[in-house]
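Written below as structure tokens is the structure these notes are about.
Sequential numbering from 1 along the given sequence is applied to the chain's residues.
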Amino acid sequence: MNVFKTEVEALEYVLQSLENEQDNIFERAELAIHHCTKTLEIVRQRVSKLGFKTLQEEAVFFKEIKSTIVGYLFYYISLVQVERSRPYGCPKKERKFLIAQIKAMQAYLMKHQELYEYFLRSHDYRDQDYFIRKNAPYQLSDEAIASMVDFQFATPHDMIFSKIKGYVLSINYLENRLAIPLTSIANKSNANLQWTGSKVDLVELAYALHASGLVNNGNAAIKDLAKAMEQLFTIKLGDYYRIFLEIRARKNNQAKLLEMLRTSLISKIENLDG
């Protein structure tokens, strides 16, 4: 299973690099779709050749590995469809269009509310019902067709789960399109805030906020949080995904900054309380 996780991590690194380096949204999406399909084929061949050692391993694969890759495919395909159809030049029509797209995706999430909540809450008690190929009954939905056509590489639920993941990313993208640009907010402030800690510390803070789900109900992308940090503190974080990999590789105290913040806050409270 580690080899599958490594493939996903490598894919996410490439996708993050594209987000940072490729401004043309159509070229970015095209390259991203290429890398996603390439990774999907790699894991497909491995599953076809070696299979799974346990049912738990099979469930984890379809729930976490395949659905993540296919979820990115849904996201980038949706992104292209939205940008191609978006009515440019008229802010009111554009806003109305984006809101309609969000509502359509939210309707899909509500249609599959049980599985959507299962995803949001990170449940695992029905993994073997949802993500084992032989156990799950066929569903009467378009997404279930994949499990009928390619039953060795699909379950009746993993495609729905993938689409949920992709739509969550897409909704976040559309909501950011609707939001007031952070730069316009920052320009209204006379404050000149400078980050005087290390870039590693700021990246740790950004990822901590992302992991907490406290921004945009957990739908804020790490890219947007990183950009907000850059604008707020007038700093360039560079390849923050690589920096996060370094944080993950720490042998001791992976949450170094958070521990320091906790200690500093408690110390200040104790000093004020005398």
How about [X] and [Y]: do any of their side-chain heavy atoms sit closer than 4.5 Å?
| X | Y | answer |
| --- | --- | --- |
| Leu202 | Leu257 | no |
| Phe4 | Arg46 | yes |
| Ile132 | Phe52 | no |
| Val168 | Phe119 | yes |

*asked:* I want to check a possible cation-pi pair here: Lys163 against Tyr108, using under 6.0 Å from ring centre and within 45° of the ring axis as the test.
replied: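 Geometry flag: set, cation within 6.0 Å and 45°.
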
*Whether Phe244 and Tyr207 hold their rings parallel, tilted or perpendicular, with breakpoints at 30° and 60°*: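 Rings of Phe244 and Tyr207: parallel, as their planes differ by under 30°.
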
Search all heavy atoms of [X] against all heavy atoms of [Y] and return the closest pair with its distance.
| X | Y | value |
| --- | --- | --- |
| Ala208 | Leu258 | CB-CD1, 3.8 Å |
| Val80 | Ala29 | CG2-CB, 3.4 Å |
| Ser78 | Tyr167 | OG-CE1, 3.8 Å |
| Ala226 | Leu237 | O-CD1, 3.9 Å |
| Ala220 | Asn216 | N-CB, 3.8 Å |
| Met105 | Ser170 | SD-CB, 3.5 Å |

_Side-chain donor or acceptor of Thr6 paired with backbone N/O of Asn2 under 3.5 Å_ =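 Present.
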
_Donor-acceptor contact present, side-chain Ser267 to main-chain Ser264, <3.5 Å_ =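 Side chain of Ser267 to backbone of Ser264, a donor-acceptor pair under 3.5 Å: no, none is there.
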
Electrostatic pair [X]:[Y] at N-O distance under 4.0 angstrom:
| X | Y | result |
| --- | --- | --- |
| Glu204 | Lys256 | no |
| Glu19 | Lys227 | no |
| Lys38 | Glu41 | no |
| Arg248 | Glu9 | yes |

_Can you confirm whether the side chains of Ser17 and Asn20 place a donor and an acceptor under 3.5 Å from each other?_
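Distance-only check fails for Ser17 and Asn20.
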
*Would you kindly say whether Tyr13 and Asp239 are connected by a side-chain donor-acceptor distance under 3.5 Å?*
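Looking only at side-chain atoms, Asp239 and Tyr13 do form a donor-acceptor pair, the distance falling under 3.5 Å.
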
Out of curiosity, [X] [atom1] to [Y] [atom2], how far, rounded to the nearest 0.5 Å?
| X | Y | atom1 | atom2 | result |
| --- | --- | --- | --- | --- |
| Ile269 | Ile266 | CD1 | CD1 | 7.0 Å |
| Glu64 | Asp127 | CD | CG | 8.0 Å |
| Thr68 | Phe161 | OG1 | CZ | 8.5 Å |
| Arg250 | Asn253 | CZ | CG | 7.0 Å |

*In this structure, are over 12 heavy atoms from other groups packed under 6.0 Å from Glu83 atom CD?*
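Result for CD/Glu83: enclosed.
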
_Looking at Asn24, I'd like to know if its CG atom is crowded, meaning that more than 12 non-hydrogen atoms belonging to other residues, nucleotides or ligands lie closer than 6.0 Å._
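Yes, the 6.0 Å shell around CG holds more than 12 heavy atoms from other groups.
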
*For Ile171, which of Lys103, Gln106, Gln101 qualifies under side-chain contact (heavy atoms from CB on, under 4.5 Å)?*
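For Ile171, the side-chain contact (heavy atoms from CB on, under 4.5 Å) test succeeds with only one of Lys103, Gln106, Gln101, which is Gln106.
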
*Determine the sole option in Ile33, Val8, Leu15 for which the side-chain contact (heavy atoms from CB on, under 4.5 Å) test with Tyr72 is passed.*
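The side-chain contact (heavy atoms from CB on, under 4.5 Å) with Tyr72 is passed solely by Leu15 among Ile33, Val8, Leu15.
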
Under 4.5 Å between side-chain heavy atoms, counting indirect links through other Ile/Leu/Val/Met/Phe/Trp/Tyr residues: same cluster for [X] and [Y] or not?
| X | Y | result |
| --- | --- | --- |
| Leu214 | Leu205 | no |
| Ile42 | Phe62 | no |
| Leu169 | Met110 | yes |
| Leu178 | Leu79 | yes |

*Give a yes or no on whether the ring-centroid distance for Tyr118 and Tyr130 is below 6.0 angstrom.*
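Yes; Tyr130 has its ring centre under 6.0 Å from that of Tyr118.
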
